[in-house]
Amino acid sequence: LTYKFVLEDNVYFHDGICFEEGKGRKFVPEDVIYTFEKIYTNVNTGSGYSIFKNVIVGGEEFKNGTSEHISGITVDGNEVTFTLVKPSLTFLQKTATVYASIIAKEATEYEYFVPIGTGPFYYDFDNSNSEVVKLAKNDNYYGVNKDGEKLPYLDSVIFVYEEDTDTKMERFWLKDLAFIPEVPISKISEVLEERINDFKGENAKYILNSQPKLITTYLALNMQTPIFQNNLVRQAFTCAIDKNSLVNKILKDQAYESGDYGLVPPISRVFKGYDFDHMNKLNTKYNPEKARQYLADAGYPDGEGFPSVQFQFKKGTDEYWVASEIQRQLQNVLKINIDIEGVEFNELIENQNKGNGDIFRTNWVADYPSAESFLSKAYGKLVPEDPTKASVFNDSRYRNPEFDALFEKGQLSNNLEKANAYYSQAEAYLMEDAAFIALWYAEDMSLVQADLRNLSSNSISYLSLKEVFWTSDSLSNATAEVEK
């Protein structure tokens, strides 16, 4: 199976210090080849290789050093052709992920990495720092609207991280922020009750959007932790957590649904043919008595002799509430000690990859709309043989040959419903093994200033900014607030 891409002839990289005289050069087919060779080279530093492993002909030979180039990527003029090892329903989706974003050789081989691309906005080095990221209009952008007018409309977009929820909301109400992607849990009643009239009618001040996301929040149990190598212990933890209480009490019902299925969110219109009814039946529901019995059968009646385990989560107020509630439930039901610790996001990811912890509360946002993206988190062949090496994608280090075999059948299928049937069979093994505990599936509630038009976010939280514009000059200096 081959895919042929015809490249536009008027696309240029952003200006940048890495280019001669700082002037961005033309985007050429060789940039595509270079990007994919980097994907197959940086196998231990990112997730790109994980989703393209065994996908493109010659990719593995290039990775192993037995070939100088990836034979399955060829160039003819402005055409780039990819030859795949096997049919793939998700190849085009994977090429649209951030991992396959085309990069310039000059940007990566400069004395430091220079973040440039070909999009409607460029990274403003002079006005960005650790707290603020500013994107400025790319006057050399090739895109136009349906009437042939040049894009983008905005002169700049500023992304800020405002940790304090009171300050964040106050800035939005004062129109100092244009967009908040997720209303803090503690502020839901303020939005839905105290200020609800500001969202109604033709003269509404703000817009409230809510939609299910391809995001699963779950607990990953480190399979290298000796105590979690016992399935009875994992089942005990699963039965001891009241997911409905988490959603109702802590999240204030700000979720699409509680984690009564598996890793794959129960959105049938996206995952056609997926057996969600069976997943729901297999899902271990809250059952304190059964949880205690599992733990007793594992050799720890009433928690006696059970070692303390460390539970890590991303530092933050809302995250702490969730973690402390899970800690309370596990301690009350199982009579065991759980140490919770909030850490910075980058540290959390590093600890997960290296297995420096026992339990991790994490979110998985689909890289592309396929069950494959979720279940790849459990694909055993992505786990390094050396336990001291980072496991970037399958960070729980779960392995099950039966799961892997069905997962691969799903990957090989050329029919979406058949693929999802295989994936749901694979997930049945995953749920029986209880290496992951789904907590809830996201339904983000976002806020937008009413005078900001064409701003939309899809189910994988992708923001398209090229056709966004203000209808009021008085708001032209407002910024877009997003989590960094």
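If you read the sequence from its start, that first residue is 1, and numbering goes on from there. Just so you know, these numbers use all the heavy atoms, side chains as well, and skip hydrogens, waters and symmetry mates. Not measured: the values here are computed from a predicted model.
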Undergrad: Output yes when a side-chain donor or acceptor of Q449 lies under 3.5 Å from a complementary backbone atom of L177, and no otherwise.
TA: yes
Undergrad: Can we call the ring centroids of Y218 and W440 under 6.0 Å apart?
TA: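 Distance test on ring centres: not under 6.0 Å, no.
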Undergrad: Is any NZ, NE, NH1 or NH2 atom of the basic residue among D166 and K187 found under 4.0 Å from an Asp or Glu carboxylate oxygen of the other?
TA: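 Here D166 pairs with K187 in a salt bridge, since their nearest N and O are under 4.0 Å apart.
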Undergrad: Is any side-chain heavy atom of L208 closer than 4.5 Å to a side-chain heavy atom of L447?
TA: yes
Undergrad: Do Q352 and T362 touch side chain to side chain, with heavy atoms closer than 4.5 Å?
TA: yes
Undergrad: Whether R171 and D164 form a salt bridge (side-chain N of Lys/Arg under 4.0 Å from carboxylate O of Asp/Glu) is what I want to check.
TA: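 No.
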Undergrad: Any side-chain heavy atom of V80 within less than 4.5 Å of one from L7?
TA: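 Touching, per the 4.5 Å side-chain cut-off.
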Undergrad: Over 60° means perpendicular and under 30° means parallel, so classify the ring planes of Y261 and F276, tilted if in between.
TA: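 Plane angle over 60°, so perpendicular.
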Undergrad: Donor-acceptor pair, distance only, cut-off 3.5 Å: does the side chain of H14 make one with the backbone of G24?
TA: no
Undergrad: Is Q312 reaching over with its side chain to a backbone N or O of F360, donor-acceptor style, under 3.5 angstrom?
TA: no
Undergrad: Is a donor on one side and an acceptor on the other found under 3.5 Å between the side chain of K53 and the backbone of G48?
TA: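 The answer is no, because no donor-acceptor pair under 3.5 Å joins these two groups.
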Undergrad: Relative to the ring of F271, is the ring of F374 parallel (under 30°), tilted (30 to 60°) or perpendicular (over 60°)?
TA: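 Ring orientation, 0 to 90° scale: perpendicular.
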Undergrad: Could you give the distance from CG (D124) to CG (D126), rounded to the nearest 0.5 Å?
TA: 6.0 Å
Undergrad: Take atom NZ of K23 as the centre, draw a 6.0 Å sphere, and report whether it contains more than 12 heavy atoms from other residues, nucleotides or ligands.
TA: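 Counting neighbours around NZ of K23, 12 or fewer heavy atoms of other residues, nucleotides or ligands fall under 6.0 Å, so no.
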Undergrad: Do E467 and K146 sit within salt-bridge range, that is, some charged N less than 4.0 Å from a carboxylate O?
TA: no
Undergrad: Considering only heavy atoms from C-beta outward, does the side chain of M445 approach that of L192 to under 4.5 Å?
TA: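 Heavy-atom side-chain distance check passes, below 4.5 Å.
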Undergrad: Tell me yes or no: between the side chains of D386 and T388, is some donor less than 3.5 Å from an acceptor?
TA: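 Side-chain D/A pair, D386 to T388: present.
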Undergrad: Does a side-chain N-to-carboxylate-O contact under 4.0 Å join D139 and K150?
TA: no
Undergrad: Are the side chains of L465 and L455 in touch, meaning some heavy atoms are under 4.5 Å apart?
TA: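 Contact flag for L465/L455 side chains = yes.
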Undergrad: Check step by step if side chain to side chain donor-acceptor pair (under 3.5 Å) holds for E61 and T66.
TA: CA-CA 5 Å; E61 289 79 3; T66 57; 5.9 Å; no
Undergrad: Quick check: does any side chain N or O of Q327 sit under 3.5 Å from a backbone N or O of F311, one acting as donor and the other as acceptor?
TA: no
Undergrad: Using the six-membered ring wherever Trp is involved, compare the ring planes of F27 and F13 and label them parallel, tilted or perpendicular (cut-offs 30° and 60°).
TA: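 Ring orientation of F27 relative to F13: perpendicular.
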Undergrad: Looking at Y379, is its backbone amide N or carbonyl O close enough to the side chain of N394 to form a donor-acceptor pair, meaning the two atoms are under 3.5 Å apart?
TA: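 The answer is yes, because a donor-acceptor pair under 3.5 Å joins these two groups.
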Undergrad: Are R25 and E106 ion-paired here, with the side-chain N under 4.0 Å from a carboxylate O?
TA: yes
Undergrad: Check whether the side chains of N145 and Y153 place a donor and an acceptor atom closer than 3.5 Å, and report yes or no.
TA: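 Y153 and N145 do have a side-chain donor-acceptor pair below 3.5 Å.
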Undergrad: Go through the side-chain N and O atoms of Y274 and E427 and say whether any donor and acceptor fall under 3.5 Å apart.
TA: yes
Undergrad: Give a yes or no on this: more than 12 heavy atoms of other residues, nucleotides or ligands lie within 6.0 Å of atom CG of D9.
TA: no
Undergrad: Take atom CD of E109 as the centre, draw a 6.0 Å sphere, and report whether it contains more than 12 heavy atoms from other residues, nucleotides or ligands.
TA: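 Enclosed.
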Undergrad: Any Lys/Arg nitrogen of K213 or E443 sitting under 4.0 Å from an Asp/Glu carboxylate oxygen of the other?
TA: no
Undergrad: Do the numbers put R453 on top of the ring of W470, so that NZ or CZ is under 6.0 Å from the six-membered ring centre and no more than 45° off the axis?
TA: no
Undergrad: With distance as the sole criterion, is a donor-acceptor pair present between the side chains of T217 and N363 under 3.5 Å?
TA: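 Side chains of T217 and N363: pair found under 3.5 Å.
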Undergrad: Does any N or O in the side chain of D31 come within less than 3.5 Å of the main-chain N or O of T35, such that one atom is a donor and the other an acceptor?
TA: no
Undergrad: Run the ring-centre check on F407 versus Y423 and record whether the distance is less than 6.0 Å.
TA: yes
Undergrad: Checking D404 side chain against G380 main chain: does a donor-acceptor pair fall under 3.5 Å?
TA: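 Judged by distance alone, yes, a pair lies under 3.5 Å.
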Undergrad: Just checking W364 against F436, ring centres under 6.0 Å apart?
TA: no
Undergrad: State whether K354 and E350 are salt-bridged, where the test is any N-O pair (Lys NZ or Arg NE/NH1/NH2 against Asp/Glu carboxylate O) under 4.0 Å.
TA: yes
Undergrad: Scan side-chain atoms only and decide if D76 and T74 contain a donor-acceptor pair under the 3.5 Å cut-off.
TA: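 No, no side-chain donor-acceptor contact under 3.5 Å.
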Undergrad: Under 6.0 Å between the ring centres of F52 and Y99?
TA: no
Undergrad: Atom OH of residue position Y462 - does it have more than 12 heavy atoms of other residues, nucleotides or ligands inside 6.0 Å?
TA: no
Undergrad: In terms of the angle between their ring planes, are Y40 and Y49 parallel, tilted or perpendicular, with boundaries placed at 30° and 60°?
TA: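 Ring orientation, 0 to 90° scale: perpendicular.
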Undergrad: How about OH on Y110, more than 12 heavy atoms from neighbouring residues, nucleotides or ligands closer than 6.0 Å, or not?
TA: yes
Undergrad: Taking the six-membered ring of F393 (Phe, Tyr or Trp), confirm whether the NZ or CZ of K377 is under 6.0 Å from its centre and within 45° of its axis.
TA: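 Output yes; distance and angle both within limits.
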Undergrad: Is the F82 ring parallel, tilted or perpendicular to the F36 ring (thresholds 30°, 60°)?
TA: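 F82 vs F36 ring planes: perpendicular.
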Undergrad: Look at E385 together with R399 and state whether they make a salt bridge at an N to O cut-off of under 4.0 Å.
TA: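 Salt bridge between E385 and R399, a charged N being under 4.0 Å from a carboxylate O: yes.
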Undergrad: Could you check whether Y3 and T83, counting side-chain N and O atoms only, form a donor-acceptor pair closer than 3.5 Å?
TA: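 The criterion, which ignores hydrogens and geometry beyond distance, is not satisfied for Y3 and T83.
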Undergrad: Is E341 paired with K315 through a side-chain N to carboxylate O contact shorter than 4.0 Å?
TA: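 No, K315 and E341 are not salt-bridged.
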Undergrad: Do L151 and Y141 make a side-chain contact, defined as non-hydrogen atoms from C-beta onward lying under 4.5 Å apart?
TA: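 Sidechains of Y141 and L151: in contact.
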Undergrad: Between T225 and F228 (side chain of the first, backbone of the second, donor and acceptor by atom type, cut-off under 3.5 Å), is there such a pair?
TA: no
Undergrad: Is the backbone of A419 close enough, under 3.5 Å, to the side chain of K409 for a donor and an acceptor to pair up by distance?
TA: no
Undergrad: Decide salt bridge (charged side-chain N to carboxylate O under 4.0 Å, His left out) for K314 and E344; before the verdict, give the C-alpha distance in whole Å, the side-chain angles of both, and the deciding distance to 0.1 Å.
TA: CA-CA 6 Å; K314 186 183 78 170; E344 297 296 337; over 6 Å; no
Undergrad: Would a 4.5 Å heavy-atom cut-off, applied to side chains only, mark S258 and L246 as touching?
TA: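 Contact flag for S258/L246 side chains = no.
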Undergrad: Got more than 12 heavy atoms from elsewhere within 6.0 Å of OH, Y422?
TA: no
